[in-house]
Amino acid sequence: MSETRAYAAAGATSPLALKTIKRRGTTDRDVRIEILFCGICHSDLHTVRDEWHSVVPTTYPCVPGHEIVGRVVEVGSEVTGFKAGDLVGVGCLVDSDHTCANCQHGVEQFCPNATFTYNSPDAHLGGVTYGGYSQSIVVDESFVLRLPANLDLAGAAPLLCAGITTYSPIRRWGDIKGKKVGVVGLGGLGHMGVKFARAFGAYVVVFTTSPGKKDDALRLGAHEVIISTDPEAMAEHAGTFDFILDTIAADHDINAYISMLGLDGNITLVGAPEKPLPVSAFALLFGRKSVSGSLIGGIPETQEMLDFCGEHGITADVEVIPIQKVNEAYERMLKSDVKYRFSIDMASLAAE
Ligand code: NAP
Ligand code: ZN
């Protein structure tokens with residue numbers, strides 16, 4: 001066992017602050033990682049503030065962070081895939097039962113015994129798992145990802161959650177080349193969705209509530225931008241989309257986006273607002289439309305996504321911050337003022 005510095009919330013209304021936490025000793029199949037960068041996901045904020053209480057209540061203290069990039073410093077005796085010095089990533093998952101049908105099919109995120117990177121029962125130390133807002137982490141090697149050497153580390157960290165969460169449903173939809181694809185919300189997830197949809201050859205349209213993000217959306221790869229609060233602009237595109245990825249983190253009218261879909265169109269929710277969204281049956285019936293959801297991605301697909309990013313030079317657009325600015329970053333995230341992901345430089349934690 002070892003001790004490491006971290007930023008933790010003591011309760012739903014407490015700011016994140018410095019705390020020393022314990023990490024387990026490296027077992028035979030474990031990899032110990034010195035964390036270099038960790039992205040800030042809106043899920044971190046939902047969890048820290050216990051906004052998902054009805055689904056997964058938060059246990060405090062809570063150390064969030066599941067967009068982790070770091071360097072291997074120690075490996076267990078049975079580890080075959082990694083050695084000290086390797087640059088690696090860890091996303092939302094750190095373990096699973098390895099035996100259920102979902103694990104066998106490489107969708108470990110749906111394993112009934114999956115261990116998430118934070119706020120999940122910790123089989124080794126008791127209590128709950130602690131995430132990446134810390135100096136080091138110890139992870140079973142099956143949940144450690146190889147990082148392509150050409151990627152900027154601060155920009156690569158968000159790929160571990162925002163990247164895979166948008167890559168997976170786009171791939172699952174099928175061949176989107178030439179299809180009209182909408183991305184709703186230009187935040188951390190949304191801007192990655194734009195990059196992937198464009199890379200796979202779709203005609204990409206961003207729906208945003210922030211007119212000031214229009215130029216950025218086009219630069220990131222969108223062909224068109226719709227200001228979703230403009231009813232005329234919305235009406236012009238009604239019934240024309242093949243697929244829409246909804247990344248909104250807050251309450252919103254999903255029916256407005258269902259009406260954008262054409263025949264057999266699908267809207268996939270990846271955003272996880274606190275409250276249920278009412279869906280109009282009629283909006284789905286006329287046009288045989290469907291609403292679905294998607295949760296991160298399994299380990300093989302996450303590696304595939306990272307390799308794809310390596311080949312195509314894709315990373316997140318990040319604003320690098322010291323960890324001391326994390327509480328301010330949360331407030332800015334709530335105001336949709338992130339361009340387009342905060343990435344914490346963990347060297348700032350050692351300096352505190
Ligand atoms: P984010 O960076 O805060 O981006 C969310 C974007 O949604 C904002 O930038 C804003 O875009 C738009 N938005 C926010 N409030 C809105 C409102 N009231 N009405 C309309 N649009 C609004 O968040 P994120 O990290 O991308 O995460 C988005 C959601 O996905 C969160 O709920 C998060 O928990 C969830 N998530 C899910 C998974 C999964 O596996 N399914 C994984 C990670 C995160 P504009 O300024 O462009 O309007
Ligand atoms: Zn996340």
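- Checked by atom type and distance alone, the side chain of D86 never pairs as donor or acceptor with a backbone atom of V72 at under 3.5 Å.
- Formation of a donor-acceptor pair under 3.5 Å by the T268 side chain with backbone atoms of L245 is not found in this model.
- Of all heavy-atom pairs between I314 and L159, the closest is O-CD1, 3.8 Å.
- The distance from atom CG of D337 to atom NZ of K213, rounded to the nearest 0.5 Å, is 8.0 Å.
- Under the 3.5 Å distance criterion, the side-chain polar atoms of W52 are left unmatched by any main-chain donor or acceptor of P273.
- A side-chain donor-acceptor contact under 3.5 Å links E301 and S168.
- Contact of the I226 side chain with the V206 side chain is not registered, since no non-hydrogen atoms from C-beta on lie closer than 4.5 Å.
- In terms of modelled atom types and a separation under 3.5 Å, the side chain of S228 and the main chain of T208 share a donor-acceptor contact.
- Nearest approach of I267 to L261, heavy atoms of both residues: N-CD1, 3.7 Å.
- Between E304 and R146, no side-chain nitrogen of the basic residue sits less than 4.0 Å from a carboxylate oxygen of the acidic one, so the salt-bridge criterion is not met.
- Between V205 and T240 there is no side-chain heavy-atom pair separated by less than 4.5 Å.
- Atom CZ of R332 has more than 12 neighbouring heavy atoms from other residues, nucleotides or ligands inside a 6.0 Å radius.
- Residues Y118 and H66 place their aromatic rings such that the two centres sit under 6.0 Å apart.
- Residues L306 and I299 are members of one and the same hydrophobic cluster, defined by side-chain heavy-atom contacts under 4.5 angstrom among Ile, Leu, Val, Met, Phe, Trp and Tyr.
- To the nearest 0.5 Å, the span separating CD on E51 from OG1 on T58 amounts to 9.0 Å.
- Separation of the F200 and H312 ring centroids does not fall under the 6.0 Å cut-off.
- No side-chain N or O of N113 forms a donor-acceptor pair with one of S96 less than 3.5 Å apart.
- At least one side-chain heavy atom of I258 sits under 4.5 Å from a side-chain heavy atom of V279.
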Please determine whether side-chain contact (heavy atoms from CB on, under 4.5 Å) holds for the pair F342 and V318, giving the CA-CA distance in whole Å, both sets of side-chain angles, and the decisive distance to 0.1 Å. CA-CA 6 Å; F342 290 115; V318 290; over 6 Å; no
I40 and I321: CA distance, side-chain angles, deciding distance, side-chain contact (heavy atoms from CB on, under 4.5 Å) verdict: CA-CA 10 Å; I40 297 182; I321 58 162; 3.9 Å; yes
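- Side-chain contact of D28 with S77: a donor-acceptor pair under 3.5 Å is present, judged by distance alone.
- The backbone N or O of I323 lies less than 3.5 Å from a partner atom in the side chain of S348, making a donor-acceptor pair.
- Y203 does not carry K180 over the face of its six-membered ring by the limits of under 6.0 Å from the centre and within 45° of the normal.
- Looking only at side-chain heavy atoms (C-beta outward), I137 and R32 stay at 4.5 Å or farther from each other.
- Residues T47 and C62 are in side-chain contact: their nearest non-hydrogen atoms beyond the backbone lie under 4.5 Å apart.
- Distance check, rounded to the nearest 0.5 Å: OG1 of T4 to CE of M346 gives 9.5 Å.
- Proximity of a side-chain donor or acceptor of K195 to a complementary backbone N or O of T315 within less than 3.5 Å is detected.
- Using modelled atom types, one finds a donor on one side chain and an acceptor on the other under 3.5 Å when comparing Y133 with D44.
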Given the rule in the side-chain contact (heavy atoms from CB on, under 4.5 Å) test, do D317 and D216 qualify, once you have shown the distances and angles that lead to the verdict? CA-CA 10 Å; D317 284 31; D216 283 344; over 6 Å; no
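- Atom CZ of R288 is surrounded by 12 or fewer heavy atoms from other residues, nucleotides or ligands within 6.0 Å.
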Is there a side-chain hydrogen bond (donor to acceptor under 3.5 Å, both in side chains) between S280 and N255 once you walk through the steps? CA-CA 6 Å; S280 153; N255 300 303; 4.6 Å; no
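- N266 places none of its side-chain heavy atoms less than 4.5 Å from the side chain of K289.
- The side-chain tip of R23 does not point at the ring of Y130 from less than 6.0 angstrom away and within 45° of straight on.
- Of all the heavy atoms in L151 and A156, the pair that sits closest is CB-CB, 4.2 Å.
- With hydrogens and angles left out, the side-chain atoms of Q303 and D307 include a donor and acceptor closer than 3.5 Å.
- In the hydrophobic clustering of this structure, L334 groups with V338; members are Ile, Leu, Val, Met, Phe, Trp, Tyr whose side-chain heavy atoms approach within less than 4.5 Å, directly or through other members.
- A chain of hydrophobic side-chain contacts below 4.5 Å, direct or via other Ile, Leu, Val, Met, Phe, Trp or Tyr residues, connects Y167 to I176.
- Between P112 and C100, some side-chain heavy-atom pair lies under the 4.5 Å cut-off.
- Using cut-offs of 30° and 60° on the angle between ring planes, the pair F196 and F308 is tilted.
- Environment of CZ in R71: sparse, with no more than 12 heavy atoms of neighbouring residues, nucleotides or ligands closer than 6.0 Å.
- Residue R171 holds its CZ atom at 10.5 Å from CD1 of I164, rounded to the nearest 0.5 Å.
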The test is side-chain contact (heavy atoms from CB on, under 4.5 Å); show your working for C38 and V69 and say whether it passes. CA-CA 6 Å; C38 184; V69 156; over 6 Å; no
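- Remark: S259 OG to H237 NE2 distance equals 12.0 Å, nearest 0.5 Å.
- Rounding to the nearest 0.5 Å places OG of S292 at 11.0 Å from CG of D246.
- L189 and F241 fall into different hydrophobic clusters, where Ile, Leu, Val, Met, Phe, Trp and Tyr side chains are chained together by heavy-atom contacts under 4.5 Å.
- Looking only at distances, no side-chain donor or acceptor of D95 sits under 3.5 Å from a matching main-chain atom of T115.
- Residues R341 and A162 approach most closely at NH2-CB, 3.6 Å, considering heavy atoms.
- For the pair Q135 (side chain) and I35 (backbone), a donor-acceptor distance under 3.5 Å is absent.
- The shortest side-chain heavy-atom distance between L349 and L18 falls under the 4.5 Å cut-off.
- Residues V31 and F82 share a closest heavy-atom pair of CG2-CD1, 4.2 Å.
- The shortest heavy-atom contact between V138 and T26 is CG1-CA, 4.3 Å.
- Taking 4.0 Å as the cut-off between side-chain N and carboxylate O, K19 and E3 do not count as a salt-bridged pair.
- Not a single donor-acceptor pair under 3.5 Å links the side chain of T247 to the backbone N or O of G271.
- Checking Y340 against E319 by side-chain atom types alone, no donor-acceptor pair falls below 3.5 Å.
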Hey, mind stepping through N102 and H105 against side-chain hydrogen bond (donor to acceptor under 3.5 Å, both in side chains) and telling me if it holds? CA-CA 5 Å; N102 291 338; H105 288 106; 5.4 Å; no
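- For the pair N119 (side chain) and P57 (backbone), a donor-acceptor distance under 3.5 Å is present.
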